[in-house]
Student: 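Here's a structure for you.
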Amino acid sequence: MIKLRSNNSAVLFVAVLLLLPACIPQKKAAVELTLRESEQDIRKGDFDGALGVYGAALRKYPGDRGLLKYYLEAAEDIRDAADDAFDKEEFAVSGRTYAVLLRNYPHLKEIARDLSFDRKYLRARLQECSDRLSERALTKYRQGNLSAAISLWKSILEFEPGNAVVKKAIDTATTQLKNLERKTE
């Protein structure tokens, strides 16, 4: 039996024992709500939101195994969506999705060792998405379809907003498009 130092300690100890079971259903409900919200966000394509709900829940219940398991599954589902888009050659969608994972990677530290991917993988895939879209844009540019080229380059900026080469290409093609439009007037 535990020896308590005072009556106050005994009362506090009993109160904790009585309140502890009341916390468990509340925690279980919070985990289930987090799972539902994340699944809805994934279905809507709001991958930042899907990961964010786990981050918020883990701040409230740090180290919770159920939350960590579902967090890992959500991150893997998002990576699967990015890979599927990549395989279908939907490089803009794929790039945006890999960028979400890379942006959120620092928050995945509790599950990082269990992930099937790492930062290196995400960066390589982002580079490949950018390269493939750039190739398509250059093809459109050489064919004289400046609007399509500009659109493709802009899609790269959605996941690589600091890409100076792409910004320069957009500026050049936009200037040329304006000059062509003036000549046809």
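Just so it is clear, the values below take in all heavy atoms, side chains as well, and ignore hydrogens, waters and symmetry mates.
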Student: For E73, is there an ion pair with K69 - N to carboxylate O distance below 4.0 angstrom?
Tutor: yes

Student: Hydrophobic cluster membership, with links at side-chain heavy-atom distances under 4.5 Å among I/L/V/M/F/W/Y: are V93 and I42 in one?
Tutor: no

Student: Is the shortest heavy-atom distance from the side chain of F117 to the side chain of E76 under 4.5 Å?
Tutor: yes

Student: Can you list the steps and then say if Y105 with R119 is a side chain to side chain donor-acceptor pair (under 3.5 Å)?
Tutor: CA-CA 7 Å; Y105 200 84; R119 282 186 173 117; over 6 Å; no

Student: Quick one: pull up CH2 in W153 and CG in L138 and give me the separation to the nearest 0.5 Å.
Tutor: 5.0 Å

Student: Looking at side-chain heavy atoms only, is the closest gap between T34 and E37 below 4.5 Å?
Tutor: no

Student: When rounded to the nearest 0.5 angstrom, what distance separates CD1 in I150 from CG in N145?
Tutor: 9.5 Å

Student: Once you round to the nearest 0.5 Å, how far does CZ of F47 lie from CG of D41?
Tutor: 10.0 Å

Student: At what distance, to the nearest 0.5 angstrom, does CD of E160 lie from CG of L133?
Tutor: 9.5 Å

Student: Identify, with sequence neighbours excluded, every residue that meets side chain to side chain contact (heavy atoms under 4.5 Å, CB included) alongside R43.
Tutor: E39, Q40

Student: Using only atom types and a distance under 3.5 Å, with no angle test, would you say the side chain of S94 pairs donor to acceptor with the backbone of E90?
Tutor: no

Student: Roughly how far apart are L67 CG and K60 NZ, rounded to 0.5 Å?
Tutor: 11.0 Å

Student: Return the SG to CZ distance between C129 and F159, rounded to the nearest 0.5 Å.
Tutor: 5.5 Å

Student: Determine yes or no for a side-chain-to-main-chain donor-acceptor pair under 3.5 angstrom, with S155 supplying the side chain and L152 the backbone.
Tutor: yes

Student: To check you understand the geometry: which heavy-atom pair defines the closest contact between Q176 and Y141, and what is its length?
Tutor: OE1-OH, 2.7 Å

Student: Do you know which two heavy atoms are closest between L102 and P106, and how far apart they sit?
Tutor: O-CD, 3.8 Å

Student: Is there side-chain contact between I78 and N104, with heavy atoms separated by less than 4.5 Å?
Tutor: no

Student: Using every non-hydrogen atom in the two residues, find where G63 and L58 come nearest and quote the distance to one decimal.
Tutor: N-CD2, 4.2 Å

Student: Which pairs count as salt bridge (charged side-chain N to carboxylate O under 4.0 Å, His left out) when at least one residue sits in residues 126-147, sequence neighbours excluded?
Tutor: E89-R136, E128-R132

Student: Could you pull out the closest heavy-atom pair between A173 and L146, with the gap in Å?
Tutor: O-CD1, 4.0 Å

Student: Can you find a heavy atom in the side chain of Y54 that is under 4.5 Å from one in the side chain of L35?
Tutor: yes

Student: Applying salt bridge (charged side-chain N to carboxylate O under 4.0 Å, His left out), which residue pairs with at least one partner in residues 99-114 are found, sequence neighbours left out?
Tutor: D48-R103

Student: Any chain of hydrophobic side-chain contacts (each under 4.5 Å) joining L51 to L33?
Tutor: no

Student: Are V165 and F91 in one and the same hydrophobic cluster, where Ile, Leu, Val, Met, Phe, Trp and Tyr link if side-chain heavy atoms are under 4.5 Å apart?
Tutor: no

Student: Using a strict threshold of under 4.0 Å (side-chain N to carboxylate O), is an ion pair present between R79 and D83?
Tutor: yes

Student: Between A99 and L126, which heavy-atom pair has the shortest distance, and what is it?
Tutor: N-CD2, 3.8 Å

Student: Report yes or no: does K168 contribute a side-chain atom to a donor-acceptor pair with the main-chain N or O of N163 at less than 3.5 Å?
Tutor: no

